[in-house]
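Here the structure is a predicted model, which is why all the values come from computation and not from measurement. In what follows, every chain begins at residue 1, and chains take the letters A, B, ... in the order their sequences are listed. Keep in mind that the numbers below use all heavy atoms, side chains included, and drop hydrogens, waters and symmetry copies.
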Protein chains: 2
Amino acid sequence: MATSTKKPATIPVDCTTCQARIDGLCQGYALNDLREIAGHKSGDRRVKAGQELLSLGEPCDAIYNLVDGWVILYILLEDGRRQILHFALPGAVLGFHPANGAMMTYGAQALTDAVVCVIPHKALGPLSRQYPEVGLRLGWLMSRDSSMSYAHLTSIGRHSARERVAHLILELFIRYRSRWPGHRIEEMHLPLTQEDIGDATGLTGIHVNRVLGDLKTEGILTFSYRRLSILDPDKLVDVAGTDPELLQSWIRQPAPAQSARDETVGGVSPISLTKGPRRRLGRANTGSGGAVVARCQA
Amino acid sequence: MATSTKKPATIPVDCTTCQARIDGLCQGYALNDLREIAGHKSGDRRVKAGQELLSLGEPCDAIYNLVDGWVILYILLEDGRRQILHFALPGAVLGFHPANGAMMTYGAQALTDAVVCVIPHKALGPLSRQYPEVGLRLGWLMSRDSSMSYAHLTSIGRHSARERVAHLILELFIRYRSRWPGHRIEEMHLPLTQEDIGDATGLTGIHVNRVLGDLKTEGILTFSYRRLSILDPDKLVDVAGTDPELLQSWIRQPAPAQSARDETVGGVSPISLTKGPRRRLGRANTGSGGAVVARCQA
DNA sequence: CGCTTACTTGAACCTTGTCAAGTCATGTGG
DNA sequence: CCACATGACTTGACAAGGTTCAAGTAAGCG
C-alpha cells in the first residue's frame, strides 16, 4: 500500500526515510545536509484520498515534495471533460513553475492519502546557492516529467485504445514496483477507476472497460475495483507496443547529488522485460553525424 | 524568417545577441558572465532544414541551446507512425536528460536551417556551482516544456480535431510572434506541412486538410504551402477552446538570473486575446480543505 | 440491508482513418 | 519561357474505432 497508515497525522516527515532521498530532490545527501535542506521547508501537508492538493488557477509559491501516496495531475475543461496528465509517485516534485508567482495551470488531487513536504519558491534561490546540485536535480526531475509526458503524447496520439491502456498499466506497474525491489508479485493495488484510466488515455471509461475485458479474455491481465493482476507480462509488453527500455529509463536514477551512490533501490529489472532486443521505436533515415559516449559527473 | 541567412556558416554564435539571452538559459547575465559561461561551450553546430539534430537512441552528452531556427522533437514508431512532441523555437534547450549518459528517447529534426550552441553535460556541474541560477533556470525551462506538453496532452486527449488544429496553430502563432513584439502582422511563414500538423495533433494529414478547409470557409484562417494568415483571431481563440492565459504563460519569462530584468521582449499581448475573461478551464469541486499542518525537523 | 459507486453490456451513431485518384504549387533543366 | 518532375494539397467513397445513450449488475460501505 502506498498510503502511510502506520503514522499518525501529527508526526512530521522523517527526512532520513523519505522517498525523496531515493530518487527525488534529496538523493545523495548526508544526514547533516538533509537537516540543512529541511531548514528551508515551510512545513508538511497531509491530504486525504480524493482531496485536492493544488487547484487550477491558484497562485503557487512553493514546490511540493511528494513523500507518500499517489497524486494525479489533471486539467479539467469547462464542459467536464478531464485529462489526466501524470500520476505522481513518492519522490516526485510538484508545483515547480516557470514563472514566479504564476498560477497553477493544472490541478493535483490525491488518489490515496498523501503527504508532501513544502519548500517555498523563494527558498530555492538560497538553497541552490548553498547546494548547487539542487537546481540541477530539479532540472533533471522536470526533464524526466517531460520525457514521460512525451511518451504519453505518443501513446494518445498514435496508438490504438488497446495499446494505450496496456501501455498505461504497464507503466504504472513498473514504476510502482520499482520501489519494492524485493517483491516479485505481479499483483497490486492500483488506486484508479476505469474512468481514470480513460481520462489518462484519452478514451471513455466505457471503452476502457471493453478493452480491459478483451485483455482479461486473452489471459493478459485482470483489473477491477482497483485490483490489478498481471497474468502474462510478456504479452502485455507486446500489446503495449512500446520499448520497455524507455519505461525503464524513468526508474533509473538521475545522477546523485554527491558520490553517495545507492544502488539498492531502482535499477531493478521488473518482470521479464529483459527478454532479448525488442525495438519498438523506429529510426529516422537522415544520417546524423557520429556521437561520442561520455560520462558525466555533476 | 527564422533562418539566419545573413551569416556565413563559419561565424560562431554571438552571445550578446543570442535568443537564449532573452528567454533562455543565459537570460539576465552581464557580458562578462556570458563570456565565462561561453567558456564551457564545446562549440556551435549548424544544421540544414530537414536534417536531424539528435537521433533517437544515440547517447546524448550535451545540451543544445537553440539559437536560431525551428526544430521539432518527435518519436517515430517502427511502423512509420510519427508523433511530434514539441516545436522548439530559439531560446529552447534540447538534450537535457534525466540520466547521465542516457540515450535520446526522441529525435530532433530541423524544420528550417538552424543553429545550436553546445554545452557538454559534464560542464553543467561546474557551471551550476559557479552560477547557481543556471541549474534553477534549466529546471524552469524543463518545467515549461512539461507544462506545454501537458497542454498538448489535453488537446490530443480531449479535444476534437477542429479544436486541436486551431489550438496548435494559435500556439505556434503566439509563440512565434512574441519574439517580434513590434509586428502586428497576422501573417507568417509556418514551416510545416499539413502532414506535420497531423503528426503533432494525432490526426492524419488528410483530416487536417479537411479541418483547415472548414476554417478557411468560415473565414478564420488560411494555411497552405507553409503560409499562414489569421483572418479572425477571436474566432480562432474560440474554436481552439483554450484559455489564452495558458498560452501566454509560456511566453512570459521565468525569473531572470539576476536583477537585470529585461521587459523589452516577451510580455506582449498578442492579437486581441486580452478581450474580457474567457475561462475555458473548469475547476474541481472537491473542497481543498485547510492548509499547512506540521513543521518538521530533519 | 439499503445506498452509492463502480463496473458491464448492447445498439445506434459519428468522427476520423483509409484508400484511391486526382489537382495545384514550386523548382529545374532545356 | 516551357516541359517536366516532385512534393504538397484536395476531394470522394467507404470502413472502422470509439463515443453516446441507456439499461442493467456487482462490489463495497455504513
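- For the pair A:Arg82 CZ and D:dT19 P, the computed distance is 15 Å after rounding to whole Å.
- Ring-plane geometry between A:His152 and A:His167 is classed as perpendicular, the angle between the planes exceeding 60 degrees on a 0 to 90 degree scale with a lower cut at 30.
- Panel note: side chain B:Arg226, backbone B:Leu190; no donor-acceptor pair is recorded below 3.5 Å.
- Here A:Ser160 does not reach the OP1 or OP2 of C:dG17: none of its side-chain N or O atoms lies under 4.0 Å away.
- What separates CZ of B:Arg81 from P of D:dG17 is a distance of 13 Å, to the nearest Å.
- Under 4.0 angstrom from either OP1 or OP2 of D:dT19 there lies at least one side-chain N or O belonging to A:Thr204.
- On a pure distance criterion of 3.5 Å, no polar donor-acceptor pair joins the side chain of A:Tyr225 and the base of C:dC7.
- Residue A:Arg227 contributes atom CZ, which lies 18 Å from atom P of C:dA6 at whole-angstrom precision.
- If B:Gly205 and A:Arg210 are placed on DNA chain D by their nearest nucleotide, the residue sitting closer to the 5' end is B:Gly205.
- Between the side chains of A:Thr193 and A:Asp196, at least one donor N or O lies within less than 3.5 Å of an accepting N or O.
- The residue A:Gly198 sits apart from the nucleic acid: no heavy atom pair falls under 4.0 Å.
- Computed from coordinates, the A:His159 NE2 to C:dT16 P distance equals 20 Å when rounded to whole Å.
- Which of C:dC7, C:dG10, D:dG18 sits closest to the side chain of A:Ile206 comes down to C:dG10.
- For D:dT10, one of the phosphate oxygens OP1 or OP2 lies less than 4.0 angstrom from a side-chain nitrogen or oxygen of B:Asn209.
- Atom NE2 in B:His207 sits roughly 19 Å away from atom P in D:dC14 (whole-Å rounding).
- Backbone-only engagement by B:Leu203 is indicated by non-hydrogen atom pairs under 4.0 Å involving sugar-phosphate atoms exclusively.
- In this entry the distance linking CD of B:Glu195 with C1' of C:dG17 reads 12 Å, nearest Å.
- Toward the 5' end of DNA chain C, the nearer of the two residues A:Phe223 and A:Arg158, judged by each one's closest nucleotide, is A:Phe223.
- Panel note: side chain B:Arg175, backbone B:Phe87; a donor-acceptor pair is recorded below 3.5 Å.
- Residue contacts for B:Arg226: at a heavy-atom cut-off of 4.0 Å it reaches the sugar-phosphate backbone alone, with no base atom in range.
- Atom CG of B:Asp214 and atom C1' of C:dT15 are 13 Å apart (whole Å).
- To the nearest angstrom, P of C:dC7 lies 9 Å from CG of A:Leu212.
- Side-chain atoms of A:Ser149 and B:Ser149 form a donor-acceptor pair, as typed in the model, at a separation below 3.5 Å.
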